[in-house]
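These notes are about the structure you will find just below.
Residue numbers begin at 1 in each chain, while the letters A, B, ... track the order of the sequences.
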2 protein chains.
Amino acid sequence: MSDRTGLREADNGHAADHAYRLIRDQILSGQRSAGEWLREGELAESVGVSRTPVREALRRLTAEGLVRHERNRGVQVQAWSVHDLDEIFSLRSVLEPWGCRLAATTGTVDVAALDALAHRMDEVAPDGRPTDVDQLTELNNQFHRMILEASDNSRLAGVVSSVIQMPLVWRTFSHYSPEALRRSLAHHHELVAALTAADPDWAESVMRSHVRAAWHSIRPGHDM
Amino acid sequence: MSDRTGLREADNGHAADHAYRLIRDQILSGQRSAGEWLREGELAESVGVSRTPVREALRRLTAEGLVRHERNRGVQVQAWSVHDLDEIFSLRSVLEPWGCRLAATTGTVDVAALDALAHRMDEVAPDGRPTDVDQLTELNNQFHRMILEASDNSRLAGVVSSVIQMPLVWRTFSHYSPEALRRSLAHHHELVAALTAADPDWAESVMRSHVRAAWHSIRPGHDM
DNA sequence: GTCGGGTTGATTGCATGCAAAGACGCTGAT
DNA sequence: ATCAGCGTCTTTGCATGCAATCAACCCGAC
């Protein structure tokens, strides 16, 4: 471990966290393909730390479902099927509308911030054609997370984000048609309106439409 | 580490798993009280392994929310408030009825096994007075888990069980009045009936009643 | 040619040592 | 008496070495 400092640029001082973020990013960005074995030694070297914090990072990723752990064999990147996607989206289509309903009643949601996010997404994807898919994804995640956190049920937010990891690998928005993406962005504005009006039924049903539309946009063979 | 074998009785061969189970049981059984600090060294000695597998066990427990991890300070048993209980039960009152609805439609649920469980619970708690709270809790968990696993959505089952840990600490059934417990057991039989009839609406609404009744039975100050 | 057994190599799992960070108590100054 | 500064001591975080495990290969027997 010679020039460790050279490799740990954005290190906030903690090897395990650093390793976790690096490995996670490699998986989410697709640099590590599904089924690929992640060797502790190799990762340790590439991250610039010893195997111990790498092992800790891999255990966290295992708990989050991004990788699979086999005893005495190692860790491999989780493989995903269409059925997994169906499970996740059917779960989301229950949880997110409910969370959105709660957010509409608590009144703690920051509608101005939501509105700003919706407009920034419009800019990143003018006319339904995204210029930067990663940024669009990030903005979208912020939008949804912000609503769930206003639901005043921290476990709900945690559960949804733990389940959502996989669609991130799938790079959701790259599967959208321009029309589907325009509709998705319109939903965001409608959600802002419903939350501003503090109408739980409206908010819930728009979110349900939003999630189910997304489901059909992503599902292979249904690119509408 | 002298006579390690003497301490590892039910060891299936793997130190980290062993440590995990032991520590987890200590928390769930109440031997470790909320807020108590869990020292790696002490745990390692008591389990009979080194600190490394203990650390791994503690990280798993952290991911499951049973303990809290503070950087460079250690791990302490998670403390629970009534608000946490509310969060969990409101989540359950959305997820479990939905899972029960799904189970009623997939037709993969083993109603005979469910019926057997319901009757065994009757025996363990005749006239709403439990003879063995732990066994009753275990049977109840099996009952609910079996329904969720028949929902054909593995993530749903995972999410619910991850969220349910805390009521286990609370030792749910010891808070029930005889009347509430009798009602709870009756719900189980009604659930079996609804699932046998494969009626999604019936199944869903019984489960919703069941969860919300449980909520009121447990909530401090609402022992009806 | 195929199958079984043993052997080698790679990799994980665990134990241990050391360094760094925080908590506590002491001392001294105000 | 109170509080800042300092040193010690406990505890965690990380690195490293070694043992156990698994996979793949090779070789010999049938």
> Looking at C/dG13, does its base get a donor-acceptor pair with the side chain of A/R51 below 3.5 Å?
Replying inline: yes
> Can you check the A/R71 CZ to D/dA23 P distance for me, whole Å?
Replying inline: 13 Å
> Taking CD from A/E45 and P from D/dC14, how many angstroms apart are they, rounded to a whole number?
Replying inline: 19 Å
> Would B/D17 and B/R60 pass as an ion pair if we require N to O under 4.0 Å?
Replying inline: yes
>> Taking B/R145 first and then B/E149, would you say they form a salt bridge - that is, a charged N and a carboxylate O separated by under 4.0 Å?
In response: no
> OP1, OP2 of C/dG13 versus side-chain N and O of A/H69: anything below 4.0 Å?
Replying inline: yes
>> Both A/E70 and B/L38 contact DNA chain D. Which one's nearest nucleotide lies toward the 5' end?
In response: B/L38
> Hey, do the aromatic rings of B/H175 and B/H216 have their centres closer than 6.0 Å?
Replying inline: no
>> I want to check one thing: is the phosphate of C/dG13, taken as OP1 and OP2, less than 4.0 Å away from some side-chain N or O of A/R59?
In response: yes
>> Please report the distance, rounded to the nearest Å, between CZ in B/R68 and C1' in D/dT12.
In response: 16 Å
> Whole-Å distance between C/dC14 C1' and A/R55 CZ?
Replying inline: 8 Å
> Rounded to whole angstroms, how far apart are CG on A/D17 and C1' on D/dT12?
Replying inline: 14 Å
> Quick one: is D/dC14 close enough that its OP1 or OP2 comes under 4.0 Å of any side-chain N or O from A/T52?
Replying inline: no
>> Would you say that B/H187 contacts B/M207 through its side chain, given a criterion of any heavy-atom pair below 4.5 Å between the two side chains?
In response: no
>> Using the side-chain heavy atoms of B/R39, tell me which of these nucleotides is nearest: C/dG13, D/dC14, D/dT12.
In response: D/dT12
> Is the backbone of A/L114 close enough, under 3.5 Å, to the side chain of A/H119 for a donor and an acceptor to pair up by distance?
Replying inline: no
> What is the distance from CD of A/E56 to P of D/dT12, rounded to the nearest Å?
Replying inline: 13 Å
> Rounding to a whole Å, what distance do you find between B/Y20:OH and C/dG13:P?
Replying inline: 17 Å
> Taking atom C1' of C/dT16 as reference, at what distance in whole Å does atom CD of B/E40 sit?
Replying inline: 14 Å
> Between D/dC22, D/dA15, C/dA15, which nucleotide gets closest to the side-chain atoms of B/P53?
Replying inline: C/dA15
>> Measuring from the side chain of B/N72 (C-beta onward, heavy atoms only), which nucleotide among C/dT12, C/dT16, D/dG13 has the closest atom?
In response: D/dG13
